[in-house]
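All chains are named by letter (A, B, ...) in the order of the sequence lines, taking the proteins before the strands, and each is independently numbered beginning at 1. Because the structure is a prediction, the values reported are computed rather than measured.
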2 protein chains.
Amino acid sequence: MPGIDAVAALAGVSTATVSRALSGNGHVSPSTRVRVHDAARELGYVVSSPASSLASGRTKNVGVVVPFISRWFYSSVLEGAGSALLKNGYDLTLYGLTGGGGVDERRSVFEHFLLRKRVDAVLALTIELTTGELQSLLDLKKPIVGIGGPLAGVQTLSIDDVGVALLATEHLLGLGHRCIGMIGGESGFELDFHLPTNRRAGYERALRSAGIEPAPHLFLPADFTIRGGYQAATALLRDPRSRPSALFAASDEMAMGSILAARDLGLSVPGDVSIIGIDGHEHSDFFGLTTVAQFPERQGAHAVEMLMDQLHPGRRDPTPTNIPLPVELIVRTSTAPPSPPPLPPAAPAP
Amino acid sequence: MPGIDAVAALAGVSTATVSRALSGNGHVSPSTRVRVHDAARELGYVVSSPASSLASGRTKNVGVVVPFISRWFYSSVLEGAGSALLKNGYDLTLYGLTGGGGVDERRSVFEHFLLRKRVDAVLALTIELTTGELQSLLDLKKPIVGIGGPLAGVQTLSIDDVGVALLATEHLLGLGHRCIGMIGGESGFELDFHLPTNRRAGYERALRSAGIEPAPHLFLPADFTIRGGYQAATALLRDPRSRPSALFAASDEMAMGSILAARDLGLSVPGDVSIIGIDGHEHSDFFGLTTVAQFPERQGAHAVEMLMDQLHPGRRDPTPTNIPLPVELIVRTSTAPPSPPPLPPAAPAP
DNA sequence: CTGAAAGCGCTTACAG
DNA sequence: CTGAAAGCGCTTACAG
């Protein structure tokens with residue numbers, strides 16, 4: 001592993017010039033730049049990150065704090081963020097708050113690991129932070145971007161949960177459904193307590209706009225898993241007398257559980273019941289699930305762009321503070337008009 | 001952010017002593033140690049990682065190279081590895097080889113990112129490396145541990161694929177099945193070309209030990225996804241005349257796809273067909289899937305322990321080179337004796 | 001555009 | 001057990 005002096009010697013310049021030529025900070029004549037790059041390549045020189053960081057205060061590394069790693073949404077965001085960081089020459093250091101370590105583990109992340117001067121910025125994925133944790137992040141005086149729930153004092157990125165639920169429900173209404181159930185989130189949802197509320201609000205608003213008063217017995221909370229969706233859907237669909245003709249699940253995993261529940265009840269999807277989810281989960285295609293896709297990989301990449309904008313001011317037009325994240329209704333085979341079709345509006349019986 | 005001198009001043013010692021007391025390297029009298037720790041806590045001192053790394057050559061960071069992030073097996077291993085690293089005071093820097101960047105991205109990981117002196121060791125997850133890539137890893141002269149496929153010159157950790165398949169197939173044989181199909185991997189499996197071969201070998205060995213010659217038309221390769229399993233199972237189960245009474249899928253996702261395929265064909269599981277998988281996937285419980293679980297989180301934690309042993313010689317008895325990873329047959333409701341039950345051995349017809 | 005030199009904040013032989 | 005001092009390998013004002 002040659003050092004910077006070897007490169008300087010070979011290129012016939014000072015180490016200062018090598019540093020400037022390779023990093024792009026400071027002016028170097030074109031010809032010198034070429035000589036330095038050639039020398040570096042020839043020697044296989046790669047800058048020592050600790051030395052560079054110590055001298056410059058920059059680490060070229062971003063810390064990503066996640067509540068779970070092995071869940072589709074998080075790992076997809078990670079995938080997108082990691083790839084975007086790599087393109088920008090940044091490493092991604094992962095701080096999972098999952099493990100068996102529990103409270104101690106979590107505290108050590110905020111009180112030790114993130115304070116080691118190892119990251120230039122922090123990306124926080126949908127995670128409910130205590131005020132103390134939030135404060136230690138802010139004390140870092142480093143760019144922070146959050147994905148998901150609002151974080152006081154932090155630039156965040158999130159989909160419009162009300163709008164997404166509105167879109168999903170309106171799709172069902174547009175097909176002619178009038179009796180639409182919803183599988184939502186528990187109110188004490190661990191990750192972001194606004195999400196369940198907002199998605200339910202969108203659902204209810206869509207119904208009311210269509211002149212339908214939401215029926216409380218058609219709403220059931222679950223835990224965002226396949227199993228939870230299965231159980232809730234079973235409860236909602238079991239009784240033929242109260243059975244909705246369509247189900248809106250606040251996540252694709254719950255929607256998939258609903259599809260399986262419907263089948264186990266002997267109901268056909270979408271013949272007897274239409275089902276729509278939210279996510280665009282990797283398995284939604286296989287299940288033929290109609291869904292509102294939210295593209296988590298792009299969210300990760302997007303968050304990285306925002307961080308890069310803060311890390312390199314002037315690099316391009318600054319990102320506006322609140323970018324609405326794109327979502328897309330993907331219609332597959334789990335939704336269809338109700339059957340029998342609703343009666344056309346008729347004059348009320350005398 | 002106070003520096004080491006502030007701590008030294010408050011504790012009334014030299015910075016050298018502070019360093020020794022806090023890092024545990026070198027002797028410090030008990031009373032001094034306490035004073036230094038108190039001073040550090042009072043000031044909220046956290047060592048600067050770049051400074052420490054530059055001076056010591058140690059980074060307290062491990063690089064993890066993964067082919068995919070958002071797949072159950074990988075994200076689960078990551079989860080386990082990340083948690084174990086945190087407990088040891090190490091960071092986890094993630095190098096995903098997935099992204100759209102393709103070849104360039106992949107090359108930059110091996111030729112740039114891993115050479116920055118930012119990691120003390122490398123963990124490579126089930127990834128088929130080119131000789132060049134492997135060489136750059138070995139050139140780092142740092143501890144490397146691989147999970148999954150064998151990597152020449154690297155200490156690796158993997159389950160006994162032959163044994164696992166043997167176990168799964170023997171479970172079916174033990175229930176009385178004689179006609180057992182297998183959904184395996186394509187021979188050109190991108191991640192580890194030994195895995196499909198070994199699992200098939202275990203399946204065939206189990207059959208032969210039971211006096212059954214494996215029938216080529218009962219083996220179908222697929223791509224380890226739910227969809228792939230669904231398609232393969234549909235093909236294997238469609239024709240009643242050649243239908244096996246049990247299916248062994250080389251992964252749980254394929255087994256889940258098989259369960260769904262069986263249902264769509266009007267077959268009951270396990271009534272008409274028994275299905276077993278390999279993995280212990282988070283969803284296997286929901287599907288009632290009998291499986292051979294391989295505990296990826298523990299694999300990640302285990303790999304970390306091996307790295308720590310190499311990083312801190314003498315910290316405890318060295319790990320033997322080849323630890324068989326534990327697997328466990330978990331019997332759920334997707335497997336049962338065939339019906340109608342096989343006839344008891346009878347004298348051959350005259 | 002380029003170089004000499006100070007300095008980033010630690011760790012660790014070396015000496016006592 | 002402890003301290004003074006060199007040194008880790010860069011970056012960057014400062015001066016030219």
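- Pairing for C:dA13 is absent, judged as Watson-Crick or G-U wobble with the two contacts each under 3.5 Å.
- Comparing A:R20 and A:D5 by the nucleotide of DNA chain D that holds the closest heavy atom to each, the one mapping nearer the 5' end is A:D5.
- Heavy atoms of A:S23 sit nowhere under 4.0 angstrom from any nucleic acid atom.
- Counting non-hydrogen atoms under 4.0 angstrom, A:R116 reaches nothing in the nucleic acid.
- Of the possible polar contacts, none joining the B:E111 side chain to the B:S108 backbone as a donor-acceptor pair under 3.5 Å is found.
- Contact of the A:L94 side chain with the B:T93 side chain is not registered, since no non-hydrogen atoms from C-beta on lie closer than 4.5 Å.
- Few gaps surround NE2 on A:H112; more than 12 heavy atoms of other groups in view lie less than 6.0 Å from it.
- The separation of C:dG16 from C:dT12, taken at their C1' atoms, amounts to 16 Å, rounded to a whole angstrom.
- Using a 4.0 Å cut-off between charged side-chain N and carboxylate O, B:D91 and A:R118 make a salt bridge.
- When both distances must be under 3.5 Å, the Watson-Crick or G-U wobble mate of C:dA4 does not exist.
- Bounding nucleotides for the chain A contact on DNA chain C, 5' to 3', at a heavy-atom distance below 4.0 Å, are C:dC1 to C:dG9.
- Within 4.0 Å (heavy atoms only), A:R58 reaches sugar-phosphate atoms of the nucleic acid but no base atom.
- B:T15 and B:D5 are not linked by any side-chain donor-acceptor pair at a separation below 3.5 angstrom, with hydrogens and angles left out of the test.
- Counting any heavy atom pair closer than 4.0 Å across all strands shown, B:S53 reaches no nucleic acid atom.
- Residues B:L54 and B:R33 each lie close to DNA chain D; by heavy-atom proximity, the contact nearer the 5' end of the strand is made by B:R33.
- Judged by distance alone, with hydrogens and angles left aside, the side-chain atoms of B:S52 form no donor-acceptor pair with the main-chain N or O of B:S48 at under 3.5 Å.
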